[in-house]
Structure formats: structure tokens, C-alpha cells
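For reference, the structure discussed in these notes is given below.
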Amino acid sequence: MFMDFDIKRGLFLLLKRGLLVGVALMWVLPALSQQNEDSEFLFANKDNVETINGLTVRWDSCVTDMQIRVLRRLIKNMVTIDGGTFRMGGDDSVAFDDEYPIHSVTLPSYLINKYEVTQKEWSVVVDSNSSYFKGVNLPVEGITMDECNRFIQKLNKLTGLSFRLPTEAEWEFAARGGNSSQGYKYSGSDNIDDVAWYGDNSGEQTHRVGKKMANELGLYDMSGNVYEWCSDWYQRDYYAVSPGNNPKGPDSGTYKVLRGGSWFNYSWCCRVAFRDGAPLNSTGNVGLRLAL
């Protein structure tokens with residue numbers, strides 16, 4: 001009788017252990033598979049050409065495994081913005097003088113990242129992080145235009161691509177939702193709390209990118225979180241002389257364009273039409289978003 005009990009107990013324990021092993025394998029095998037895929041990629045393609053998100057990437061010979069992992073994800077997050085024509089400038093009761101006159105702008109197709117550059121992406125490229133609010137998935141901030149340019153130059157060397165800052169017109173077209181625009185005041189909604197971290201809801205800090213609602217093109221945080229550098233020189237009355245076809249800003253200046261508002265600002269700074277400018281050495285609440 002006791003022998004029968006011991007046999008049954010032994011069979012039960014074996015069965016239990018088998019189930020536990022099976023459950024463990026359900027978790028471990030996919031992870032091992034992904035690890036093998038990563039290893040195969042990292043060691044087979046480190047110095048080779050690879051197509052990611054339709055883009056031809058030519059990895060630099062000095063690129064590290066960590067850089068490849070992070071930058072592959074960054075490249076996959078580039079979103080194609082189909083070219084089109086839109087009305088650029090202020091179109092509401094709180095518009096400022098530098099948002100006038102409203103004018104027609106036509107742009108060719110381009111790519112823009114769905115997220116602001118994170119501290120993880122920044123650090124893996126330039127091996128530094130001067131952001132005040134620390135966090136790998138927080139937007140990088142507190143960066144000058146020179147630091148921004150050095151980051152992009154090194155990123156291009158690592159990938160063989162031609163990343164850049166968006167022009168002011170490209171930024172506004174994307175923030176408005178491109179050809180899918182619903183005409184919202186902020187990027188993706190007329191209700192700022194849906195889409196932006198700003199002075200009234202941020203808790204006086206930046207937040208992880210992509211936590212608010214995206215706009216019509218699947219772009220996040222184009223209103224609020226951190227200001228974003230654009231490539232144009234800032235000129236208050238530029239709209240009066242701006243060309244209608246793919247404008248790139250004045251030929252020179254002392255300030256560069258900032259767009260989007262930040263965690264620190266009032267809601268009206270987060271409107272898609274709002275313009276601002278800052279000296280090249282400005283830091284504060286300033287980050288960036290990549291274009292191609």
C-alpha cells in the first residue's frame with residue numbers, strides 16, 4: 001500500500017517537474033532564439049550593408065554591438081511623410097505676429113522619426129548625457145546646436161545614412177498630420193492633455209517618449225515634452241518672403257528655430273503653428289527629432 005503510494009507520488013513529482021520544465025522552455029526558447037538572431041546579425045553584418053526599413057545601412061567598421069542594437073531600432077522608427085501642400089502659419093486667436101502671413105507650402109516626401117531622440121540613443125552614439133532629467137527612455141535635453149550637429153555627424157558615420165534636423169516647414173507639416181491632417185491645434189488633438197506633456201500636467205519634468213497619444217501620422221510628442229531644434233535660422237518676418245516650394249529658412253542668422261513647446265511651457269507654446277528661436281548655445285528644455 002505504501003509502495004503504491006510512493007510510486008504514485010514519484011510519478012506525480014516527475015509529471016510536475018516535466019510541466020515546470022515545459023513552462024520554463026516556453027519562456028527560455030524564444031529568448032534564446034532572439035539572442036541567436038541578434039548574434040547572427042551582429043557578427044555576420046557588423047561591417048556589411050544591410051537594408052532596414054527600406055534604407056540601405058552601411059555599418060562603420062568601428063560600430064559596437066550595442067550601437068547596432070539601439071540604432072537598428074531608431075532606423076525602424078523612421079516614418080515616411082508623403083509630400084504635399086499645406087497652409088503654414090497661425091490660424092487661431094492666439095497666433096503671434098511671426099506666424100503670419102499664412103501661406104501655402106509644398107514639400108517633397110521625406111522621413112521623420114516617430115519619437116524625440118532618447119537619452120539611450122544619444123548616449124550610445126556620443127558616449128555622454130548632459131540631460132537634467134535622467135532616464136534612458138526620456139528625451140535627451142539640454143543640448144546646444146553644436147552638440148546636436150556632432151551627434152548627427154557621428155550617427156551618419158556609424159550608419160552611412162544622412163540623418164539631419166527637419167526644416168521648420170517639414171516639422172510643421174508632420175506635426176499637423178501631413179496629408180492626413182484633421183486640422184488640430186496641437187499635434188494630434190484639440191485637447192492638449194491627450195497629446196502633450198506641458199506646464200499644467202508634466203509635474204515639472206520630462207516624460208518617457210511615446211506615452212501620450214500619437215498624431216495622424218503616428219508621431220509622438222510633437223507637442224510638448226521638449227522643444228525640438230530645426231535646421232532653419234529663425235527670422236521673425238520670414239513668412240512674408242518664404243518661397244512656396246520646400247523652404248529652408250534664411251541664409252544666415254543668430255538664432256535657430258525651435259518648435260513644439262516643452263514640459264515647462266504654457267499650452268499656447270505647444271500649438272503646431274507656434275514658432276520660437278534660440279541662440280546656438282541655448283540648452284534649457286531643448287532636444288531633437290531626426291529627419292532623412
Side-chain angles (χ1 to χ4, degrees), residues 81 83-110 112 116 141 143-149 152 164-179 181 183-188 190 192 196 198-199 215 219 221-262 264-291:
I81 311 298
T85 300
F86 74 107
R87 301 285 288 171
M88 185 173 182
D91 53 5
D92 58 51
S93 59
V94 295
F96 290 84
D97 290 345
D98 64 349
E99 299 172 29
Y100 290 108
I102 300 173
H103 55 293
S104 179
V105 171
T106 300
L107 296 173
S109 298
Y110 58 99
I112 197 166
E116 295 164 330
E141 31 88 6
I143 54 172
T144 67
M145 178 57 76
D146 286 344
E147 289 172 329
C148 185
N149 287 333
I152 291 174
R164 58 181 176 83
L165 293 174
T167 66
E168 182 175 19
E170 287 174 335
W171 190 97
E172 184 169 325
F173 186 53
R176 288 183 177 277
N179 295 320
S181 177
Y184 295 126
K185 178 186 293 188
Y186 310 104
S187 185
D190 285 328
I192 189 171
Y198 69 112
N215 78 351
L219 308 178
D221 299 307
M222 295 202 78
S223 290
N225 219 4
V226 293
Y227 268 117
E228 299 175 16
W229 285 113
C230 290
S231 62
D232 306 40
W233 291 105
Y234 175 78
Q235 180 178 313
R236 187 171 185 81
D237 60 352
Y238 179 66
Y239 284 6
V241 297
S242 172
N245 186 40
N246 198 18
K248 300 182 184 299
D251 294 332
S252 61
T254 55
Y255 285 14
K256 284 284 188 175
V257 170
L258 295 178
R259 284 300 201 117
S262 79
F264 181 78
N265 296 109
Y266 295 113
S267 60
W268 44 262
C269 294
C270 301
R271 294 175 298 110
V272 291
F274 180 76
R275 308 177 67 213
D276 206 347
L280 302 184
N281 62 354
S282 181
T283 55
N285 315 317
V286 186
L288 75 152
R289 186 183 302 265
L290 294 167

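FYI, side chains are in, hydrogens and waters are out, and symmetry mates aren't considered; it's all heavy atoms of this structure.
For the pair Lys256 (side chain) and Cys230 (backbone), a donor-acceptor distance under 3.5 Å is absent. A distance-only check finds a donor-acceptor pair linking the side chain of Ser109 to the backbone of Gly83 [under 3.5 Å]. A donor-acceptor pair under 3.5 Å links the side-chain atoms of Asp92 to the main chain of Ala95, judged by distance alone. No donor-acceptor pair under 3.5 Å is formed between the side chain of His103 and the backbone N or O of Gly89. Listed for the Asp190 side chain is a donor-acceptor partner under 3.5 Å among the backbone atoms of Lys185. Asn215 contributes a side-chain N or O that, together with a main-chain N or O of Ala174, makes up a donor-acceptor pair within less than 3.5 Å. Panel note: side chain Trp171, backbone Met222; no donor-acceptor pair is recorded below 3.5 Å. Formation of a donor-acceptor pair under 3.5 Å by the Arg259 side chain with backbone atoms of Phe274 is found in this model.
In the model, Glu147 has no side-chain atom that pairs as donor or acceptor with a side-chain atom of Asn149 under 3.5 Å. Looking at Thr167 and Asp232, their side chains never bring a donor and an acceptor atom within 3.5 Å of each other. Of the N and O atoms on the side chains of Asp98 and Tyr238, not one donor lies less than 3.5 Å from an acceptor on the other residue. Checked by atom type, the side-chain pair Ser223/Ser187 shows no donor-acceptor distance below 3.5 Å.
Put simply, the side chain of Arg164 reaches to within 4.5 Å of the side chain of Tyr110, judged on heavy atoms. In this structure, the side chains of Phe96 and Glu99 come closer than 4.5 Å at one or more pairs of heavy atoms. By the 4.5 Å heavy-atom criterion applied to side chains, Trp233 and Val257 are not counted as neighbours.
When all heavy atoms of Val105 and Ala169 are compared, the pair lying nearest together is CG1-CB, 4.2 Å. Across Asn246 and Pro108, no two heavy atoms sit closer than the pair CG-CD, 3.7 Å. Considering every non-hydrogen atom in both Asn265 and Ser262, the closest pair reads OD1-OG, 2.7 Å. In terms of heavy-atom proximity, Val272 sits nearest to Tyr186 at CG1-C, 3.6 Å.
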Discussion item. Run Ile102 and Asp91 through side chain to side chain contact (heavy atoms under 4.5 Å, CB included) and show every step you take.
Written reply: CA-CA 7 Å; Ile102 300 173; Asp91 53 5; 4.1 Å; yes
Worksheet entry | Residues Asp237, Tyr100; criterion side chain to side chain contact (heavy atoms under 4.5 Å, CB included); working and verdict | CA-CA 8 Å; Asp237 60 352; Tyr100 290 108; over 6 Å; no
Worksheet item: Thr283 and Ile143: side chain to side chain contact (heavy atoms under 4.5 Å, CB included), yes or no, with the steps?
Response: CA-CA 5 Å; Thr283 55; Ile143 54 172; over 6 Å; no
Item to complete: With side chain to side chain contact (heavy atoms under 4.5 Å, CB included) as the test, would you mind laying out the steps for Tyr227 and Cys269 before giving the verdict?
Response: CA-CA 10 Å; Tyr227 268 117; Cys269 294; 4.1 Å; yes
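We find the SG-CG distance between Cys148 and Leu290 to be 8.0 Å, quoted to the nearest 0.5 Å. The CD atom of Gln235 sits 10.5 Å away from atom CD of Glu168, with the distance rounded to the nearest 0.5 Å. Note that OG of Ser267 and CD1 of Ile192 are 5.0 Å apart. Values are rounded to the nearest 0.5 Å.
A salt bridge does not link Glu172 to Arg271: none of the charged side-chain nitrogens sits closer than 4.0 Å to a carboxylate oxygen.
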